[in-house]
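Only heavy atoms go into these numbers, but all of them, side chains included; no hydrogens, no water, no symmetry mates. Throughout, a chain's letter reflects where its sequence line sits, starting with A, and its residues are numbered from 1. Quantities reported herein were computed from a predicted structural model and do not represent experimental measurements.
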4 protein chains.
Amino acid sequence: MATAPVGPRNETRSDEGSILQEKGAATELAPRAMRADALKNHEKILRAAEETFASEGVAVPIDVVAQRAGVGVGTLYRHFPTKEALFEAIVVSRLQKIQAALDSHTNDPDPGDAFFSFMREFAQQVNEKRDLFDALTLAGIDIKAQYADQLAVIMEQTDRLRQQAVLRDEIRADASTEDVVNLIMGTCHAAGQSGDDESGIFHLIDIIIAGLRPTA
Amino acid sequence: MATAPVGPRNETRSDEGSILQEKGAATELAPRAMRADALKNHEKILRAAEETFASEGVAVPIDVVAQRAGVGVGTLYRHFPTKEALFEAIVVSRLQKIQAALDSHTNDPDPGDAFFSFMREFAQQVNEKRDLFDALTLAGIDIKAQYADQLAVIMEQTDRLRQQAVLRDEIRADASTEDVVNLIMGTCHAAGQSGDDESGIFHLIDIIIAGLRPTA
Amino acid sequence: MATAPVGPRNETRSDEGSILQEKGAATELAPRAMRADALKNHEKILRAAEETFASEGVAVPIDVVAQRAGVGVGTLYRHFPTKEALFEAIVVSRLQKIQAALDSHTNDPDPGDAFFSFMREFAQQVNEKRDLFDALTLAGIDIKAQYADQLAVIMEQTDRLRQQAVLRDEIRADASTEDVVNLIMGTCHAAGQSGDDESGIFHLIDIIIAGLRPTA
Amino acid sequence: MATAPVGPRNETRSDEGSILQEKGAATELAPRAMRADALKNHEKILRAAEETFASEGVAVPIDVVAQRAGVGVGTLYRHFPTKEALFEAIVVSRLQKIQAALDSHTNDPDPGDAFFSFMREFAQQVNEKRDLFDALTLAGIDIKAQYADQLAVIMEQTDRLRQQAVLRDEIRADASTEDVVNLIMGTCHAAGQSGDDESGIFHLIDIIIAGLRPTA
DNA sequence: TATGAATGAGCATTCATTCAT
DNA sequence: TATGAATGAATGCTCATTCAT
């Protein structure tokens with residue numbers, strides 16, 4: 001929700017699970033031009049915010065974000081009425097990416113592979129903007145609570161994957177999806193702080209995967 | 001050690017120029033009393049800070065910490081000249097606890113048991129003040145860098161434990177001590193945010209331990 | 001020069017990525033208006049600071065200055081990022097006035113008259129904001145060191161005047177320009193503290209001038 | 001007044017014009033010992049304050065003064081109940097020194113020499129603790145107002161000297177004693193800030209003296 | 001009585017947010 | 001509509017002064 005521009009009203013938000021759709025049917029003219037500009041700013045700001053928060057921490061003055069986005073503070077505030085709103089928009093955009101990664105596995109033949117692949121992709125996503133996630137969490141953004149709906153979809157889908165893998169005995173049954181998510185996120189967090197690169201993280205993920213295999 | 005009070009430095013006052021100081025009588029008592037008082041405040045503040053930072057985040061005004069400790073801001077600043085100094089003192093005090101846990105295992109007969117036991121105790125420690133750790137890290141306290149010495153001792157000792165376990169084939173050889181530490185800390189972090197209690201964390205730690213067993 | 005507003009930097013915005021900017025119409029008016037406003041505040045603050053520091057001493061809370069200027073603290077800080085920066089801006093603006101007085105004498109026919117006239121004008125300038133000068137100096141603003149360049153120009157020009165007067169035997173040769181400056185500034189300082197008005201100061205300056213005449 | 005210890009009550013203060021008298025008739029024993037100690041502290045603090053204020057400015061925390069004096073803050077406050085009281089005590093002690101210099105000239109045969117000599121000695125005194133004087137003045141210590149009585153004595157005596165010199169036609173008649181005092185103090189102030197040493201100041205004083213000679 | 005720990009009002013400065021242009 | 005100047009509440013920290021030991 002928060003990702004959508006504030007000014008323009010007529011968006012058809014119902015495409016959950018889709019990443020920023022390309023297919024924009026820009027029909028009219030005068031208002032469209034404005035619209036495009038606004039959207040562009042919206043994105044610019046969002047990206048600038050991600051980068052800035054990730055590198056400087058969430059404590060950075062909003063002005064810095066605006067500057068990095070190349071807009072005035074006023075403009076930033078037009079798009080995101082609050083610093084917190086910016087945080088939320090970022091989280092949502094991240095969740096969408098994760099959702100996309102998940103979607104790409106729904107039709108995989110081998111559930112075990114699918115699950116472990118997703119685990120790695122998930123780790124990749126988390127790792128990519130690791131500091132950002134931490135920062136947001138510490139900033140009091142309770143992702144769990146505020147994005148319950150979208151998380152529920154993700155968790156549910158992930159759990160389907162897991163259950164199928166359990167059925168085929170590719171994963172021990174006593175590890176819940178939430179357990180797995182925690183293990184991955186935590187590992188990314190710690191590895192990131194430890195300065196590990198992606199391969200280092202994959203090594204840790206492999207240890208976790210080993211731990212998830214059914215015990216003989 | 002950095003935890004020691006800043007103010008009261010009990011150097012024997014050089015009493016230059018003072019007449020009539022015949023009996024060096026009150027050498028053991030009078031100054032000690034003051035010291036005790038100050039120490040008490042020192043501890044009170046440290047504990048209040050731990051609690052407050054953990055529950056409210058490191059962004060809390062220092063006044064809140066002072067209030068919680070039941071002292072004035074000035075007193076707090078007398079003991080910890082900077083907010084950051086408070087952070088550091090907390091970290092140090094935590095590290096000391098971990099070191100203690102580690103020490104209790106140095107003479108254990110079975111290295112595998114010792115290592116896994118310490119893993120659980122470490123997790124316990126980290127979990128106990130989980131938010132605090134996160135908060136500190138996010139606050140820019142680079143524990144790795146600033147407490148390199150003390151960490152080195154801990155890591156080294158831990159590594160000795162691990163190596164012995166590896167020799168007895170109780171742990172896979174390709175998991176470094178740093179890997180293990182990351183896995184634990186991260187897991188605690190994530191589990192904590194997920195609202196897991198200690199048993200939940202132990203469950204996750206068990207999965208990790210399973211992943212650390214030598215692959216058949 | 002350092003007096004120029006910090007905030008508004010009128011570089012022609014590079015307008016990267018902005019669509020629909022057909023007519024570069026409002027090039028002269030809109031931005032200028034803002035500028036004028038900011039400049040006005042800049043001056044208001046500078047003047048308020050001069051007055052406030054002079055009457056209350058440099059120890060006044062910055063809020064008082066802001067209040068006197070009729071702006072919020074934030075605004076003050078936007079223009080002068082530091083209390084010290086305010087001090088410096090004041091000094092610079094004073095130096096500029098003195099330089100102006102000096103310039104008005106560069107083409108005077110009689111060097112003796114020119115020199116003594118400038119002495120009186122200089123005294124006038126110093127006296128006008130006497131407390132301010134003192135306050136700044138006491139505040140640790142080392143004018144000599146920090147504005148060496150501008151002072152050098154002033155001193156050099158003044159010295160030219162003096163040398164010409166010496167050549168015409170209108171001034172004793174053993175009094176350096178620095179001596180004269182010291183005599184004037186000091187006298188203003190003391191007379192000011194003594195509650196003397198301008199005529200009182202001129203009387204003292206006349207005594208000094210008498211002392212500067214060549215000894216028969 | 002403020003110079004006298006606060007605690008002990010039975011001082012016979014009436015010796016105006018005397019510098020710290022050496023002739024202490026310490027008769028009794030127990031209380032005397034205390035008294036001596038207290039007096040010593042009093043002096044130690046006063047001297048430490050002079051030095052500290054002169055070198056660091058009057059803004060220094062009182063603790064610094066106490067430390068330099070080698071006593072606790074509490075002790076300092078026992079002797080001088082307020083920072084301002086310390087300022088005043090310093091001023092008084094300075095005035096006493098000046099008074100002493102003046103006294104040494106009351107019986108001089110040549111009034112012109114006496115006057116000019118005193119001018120130089122006065123300059124010396126002022127110069128010695130120049131920063132201190134400035135600092136005190138800036139700190140809001142209105143010497144003129146607060147020590148009117150003692151100043152009056154000094155001014156009066158100085159004026160007697162001056163009048164005699166005027167009568168002998170050694171000084172122009174239109175320069176009041178206050179003028180002279182202002183010229184000297186101001187010159188010391190400025191010369192001091194300019195980094196001049198005592199000889200530099202004497203040079204300036206000589207210029208002033210030249211200006212004070214009767215105009216032919 | 002000397003000490004220095006405790007106190008808390010006070011101050012410089014920052015930054016989220018509003019609003020005139 | 002975009003801009004950035006203005007706002008002022010909030011925060012870290014200092015320091016004169018008091019008071020328990």
Side-chain angles (χ1 to χ4, degrees), chain A residues 7 34 37-38 41 59-64 66-67 71-79 81-84 86, chain B residues 5 7-9 13 15 18 20 26 29-38 41-42 59-64 66 70-79 81-84, chain C residues 5-9 13 15 18 20-21 26 29-38 41-42 59-64 66 70-79 81-84, chain D residues 7 34 37-38 41 59-64 66-67 71-79 81-84 86:
Chain A
M34 224 40 129
D37 209 44
N41 268 346
V60 278
I62 221 78
D63 308 56
V64 174
Q67 200 164 64
V71 303
V73 238
T75 305
L76 191 155
Y77 269 91
R78 165 171 289 276
H79 287 276
T82 292
K83 203 184 186 184
E84 184 126 324
L86 236 194
Chain B
R9 260 159 292 147
R13 299 205 99 287
D15 55 31
S18 99
L20 300 183
L29 291 164
R32 286 304 164 207
M34 197 52 107
R35 192 68 184 265
D37 217 43
N41 268 345
H42 199 81
V60 275
I62 221 76
D63 308 56
V64 174
V71 302
V73 232
T75 303
L76 190 154
Y77 273 93
R78 164 174 277 273
H79 288 275
T82 291
K83 201 183 186 185
E84 184 125 323
Chain C
V6 177
R9 262 160 290 148
R13 297 207 100 284
D15 55 33
S18 97
L20 299 184
Q21 242 248 344
L29 292 164
R32 287 301 163 206
M34 196 55 107
R35 190 69 184 262
D37 217 44
N41 268 345
H42 199 81
V60 275
I62 219 74
D63 308 55
V64 175
V71 302
V73 233
T75 303
L76 191 155
Y77 270 93
R78 163 174 280 271
H79 288 274
T82 290
K83 201 183 186 184
E84 183 126 324
Chain D
M34 221 42 127
D37 210 43
N41 269 346
V60 277
I62 221 78
D63 308 57
V64 174
Q67 201 164 65
V71 303
V73 237
T75 304
L76 190 156
Y77 269 91
R78 164 170 290 275
H79 288 275
T82 292
K83 201 184 186 183
E84 184 125 325
L86 235 194

A:Tyr77 to A:Ile62 - nearest heavy-atom pair and separation
CE1-CG2, 3.7 Å
F:dT3 P sits how many Å from A:Gln67 CD, rounded?
12 Å
Quick one: closest heavy-atom pair of B:Asn41 and B:His79, and the distance?
CB-NE2, 3.9 Å
B:His79 NE2 - E:dA5 P separation (whole Å)
8 Å
Every protein N/O lying under 3.5 Å from an N/O of nucleotides 14-18 of chain E:
| from | atom 1 | to | atom 2 | distance (Å) |
| --- | --- | --- | --- | --- |
| E:dA16 | OP1 | A:Lys83 | NZ | 2.8 |
| E:dA16 | OP2 | A:Ile62 | N | 2.6 |
| E:dT17 | OP2 | A:Tyr77 | OH | 3.0 |
| E:dT17 | OP2 | A:Lys83 | N | 3.1 |

Dot-bracket, 5' to 3', for DNA chain E please: Watson-Crick or G-U pairs under 3.5 Å, [ ] where pairs cross earlier ones, | where the partner sits on another strand, dots elsewhere.
.||||||||||||||||||||
5' precedence on DNA chain F between B:Thr75 and C:Gly70 (nearest-nucleotide basis)
C:Gly70
Can you tell me the distance, in whole Å, between the CG atom of D:Leu76 and the C1' atom of E:dT1?
15 Å
Under 4.0 Å between a side-chain N or O of C:Arg78 and OP1 or OP2 of F:dG4?
no
Indicate whether OP1 or OP2 belonging to F:dA5 is found under 4.0 Å from a side-chain N or O atom of C:His42.
no
Choose from F:dA6, E:dT7, E:dA6 the nucleotide whose nearest atom is closest to any side-chain atom of B:Val71.
E:dT7
What are the two closest heavy atoms between A:Leu76 and A:Val71, and how far apart are they?
N-CG2, 4.3 Å
